[in-house]
2 protein chains.
Amino acid sequence: MSPASFYANVPRHLVAVDCIIFGFEDGKLKLLIIKRKVDPMEGAWSLVGGFVQEGESTDNAAIRVLRQTTGIQDIYMDQLQSYGDTDRDTGARVISIAYYALIRISEHDRLLANAHGAHWLSLHQIPELIFDHNKMLNDAMARLRDQAHFHPIGFELLPEKFTLPQLRNLYEEIYQRPLDKRNFRKKILAMDILEKLEEKDKSSSKKGAHLYRFDRLKYDALTQHGLVFEI
Amino acid sequence: MSPASFYANVPRHLVAVDCIIFGFEDGKLKLLIIKRKVDPMEGAWSLVGGFVQEGESTDNAAIRVLRQTTGIQDIYMDQLQSYGDTDRDTGARVISIAYYALIRISEHDRLLANAHGAHWLSLHQIPELIFDHNKMLNDAMARLRDQAHFHPIGFELLPEKFTLPQLRNLYEEIYQRPLDKRNFRKKILAMDILEKLEEKDKSSSKKGAHLYRFDRLKYDALTQHGLVFEI
DNA sequence: CCAAAAGTGTTGTGAGTACACCCATGC
DNA sequence: GCATGGGTGTACTCACAACACTTTTGG
């Protein structure tokens, strides 16, 4: 059997990527979604998605789709899993590979996203999404919780400089449960991976909270020597 | 834009499934692999795989491919992740969705597998596999370790009746480190999810070890009430 | 009787958790 | 001067880890 004949006559499929994009703003976890512009389900809420092109890796497809649809780029992104039920897309048989992403919401991102018709919605206000997108979101939330537990990915959602109350608030959102203030500080500071800055952020209190910066180099070094991140 | 025109003119792709199939025999974790029968790389070692057919979900494709290639069916199987680099398959651009599976190796399975040209190899003896299959295997091992830690999937690899030394041996293989005999017994028995049988297995000692059975119903019930499996 | 694997308890330690008051400052 | 959120220390509990001897029985 020649190579040509092995790969020939094999059915081909539409392959899409869908992005579950998390952000953190005003103390709330948020999701970026858009109004679908094409039939079927035109006008319904949808994750950001698009088709994998020829000669394009699926990872690159996710990056491209995100940039084209929202103007966002250079962010933390990882594959979630693929969704391959035959009837998941009501318009055609489409196999979709879901990616989840974490971004720092800033005015810049917000403006770009808005210009592209994308919206940040609080996780508690997510409407019915098309197809199996709600399931993708649930799976992504579960993955986010799992990842956050043992990997320092929370910092991908915060500005470069952040306060400990902000950081704790973020993890409370991710885990959906309150965390003790003192124990949280103790644990995160004990890891010795944060750089304490002189500046204070007075935007949320009169006293002001110290700003910190995540020291990735230090984190990498300590990880080499057996440090296990855990929050 | 009509539905037809949205999905038309979108490039289509070959989509494969590849199965990382773990078994446990003679106190060793093993992997089921085959000799590839087609070019390119004919004769090289490969994971069990095949193409997703039209009108077939990817989950079902994995089940079908496994059955057709090895005669094995009705086993624990879960999606790992997809692999979408453009040049991962040297014969054509193929997007592959990897599944990992756990099976109880028995004479029955072994004969079937052999008849289909499949071989069980100890994890320490895995040769170079085609394409990115070694990477898939590594990812699957990592997933297996993660899953085994908090989910009772180890039992999928053991016969219905097993001894505690067998069970401990299995986890030592999965984690690649020795586990304390007493602490292991204490922990697993404390969960109260094993049924102790009267019979003993004398195949590996003169004294004989008690046989146990995993009580899934009890496990499910206890899980409802907050039990967290952990080994 | 002895080799070989199965089975059995206790103790120390470190991490997790619970918990209440003072501090700094803008208004 | 007071309201608001930021910051700090201690004590208890429990799960984990370390560890050595007895039991059973086939040969």
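Excluded from the calculations below are hydrogen atoms, water molecules and symmetry mates; all remaining heavy atoms, backbone and side chain alike, are included.
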Determine whether A/T70 and A/D109 make a side-chain contact, defined as any pair of heavy atoms from C-beta on separated by less than 4.5 Å.
-> no
Between A/E199 and A/K161, is the closest basic N to carboxylate O distance under 4.0 Å?
-> yes
C/dA5 P sits how many Å from B/L164 CG, rounded?
-> 17 Å
Base, sugar-phosphate, or nothing: which does B/K202 touch, judged by heavy atoms less than 4.0 Å apart?
-> sugar-phosphate
Measure the distance from NZ on A/K186 to C1' on C/dG14 and round it to the nearest whole Å.
-> 12 Å
Mark yes or no for a side-chain to base donor-acceptor pair under 3.5 Å between B/K200 and D/dT24, with no hydrogen or angle criteria applied.
-> no
Regarding the side chain of A/K206, the nearest nucleotide among D/dA3, C/dG7, C/dG9 is D/dA3
Please determine, for the side chain of A/N183, which listed nucleotide (D/dC19, C/dA6, D/dG9) has the closest atom?
-> D/dG9
Nearest-nucleotide wise, let me know which of B/S205 and A/K207 is further upstream toward the 5' end of DNA chain D.
-> A/K207
Determine the contact category for B/T163: base if any of its heavy atoms lies under 4.0 Å from a base atom, sugar-phosphate if only primed atoms, P, OP1 or OP2 are that close, otherwise nothing.
-> nothing
Are OP1 or OP2 of D/dG6 and a side-chain N or O of A/H210 less than 4.0 angstrom apart?
-> no
Return the value, rounded to whole Å, for the distance between atom NZ of A/K187 and atom P of D/dT8.
-> 19 Å
Can you tell me how far P of C/dG16 sits from CD of B/E230, to the nearest Å?
-> 12 Å
Quick note, A/P165 side chain, CB onward, closest among D/dG6, C/dC19, C/dG7 is D/dG6
Could you state the atom-to-atom distance from CD1 of B/I231 to C1' of D/dA17 in whole Å?
-> 14 Å
Whole-Å distance between D/dC16 C1' and B/Y175 OH?
-> 15 Å
Confirm from the modelled atom types if B/R185 and C/dA6 form a donor-acceptor pair under 3.5 Å, side chain to base only.
-> no
Nearest to the side chain of B/R182, which nucleotide is it out of C/dA6, D/dC19, D/dT25?
-> D/dC19
Which part of the nucleic acid, if any, lies within contact of A/K181, taking any heavy atom under 4.0 Å across all strands shown: a base, the sugar-phosphate backbone alone, or nothing?
-> base
Nearest-angstrom distance from the residue atom CZ of B/F150 to C1' of D/dA15 | 13 Å
Determine the sole option in A/V48, A/I20, A/D59 for which the side-chain contact (heavy atoms from CB on, under 4.5 Å) test with A/Y99 is passed.
-> A/D59
Salt-bridge criterion met for B/D139 and B/K135 (N-O under 4.0 Å) | yes
Salt-bridge test for A/R216 and A/E156: reply yes if a basic N is under 4.0 Å from a carboxylate O, no otherwise.
-> yes
B/I188 CD1 to D/dA15 C1', in whole Å, measures 16 Å
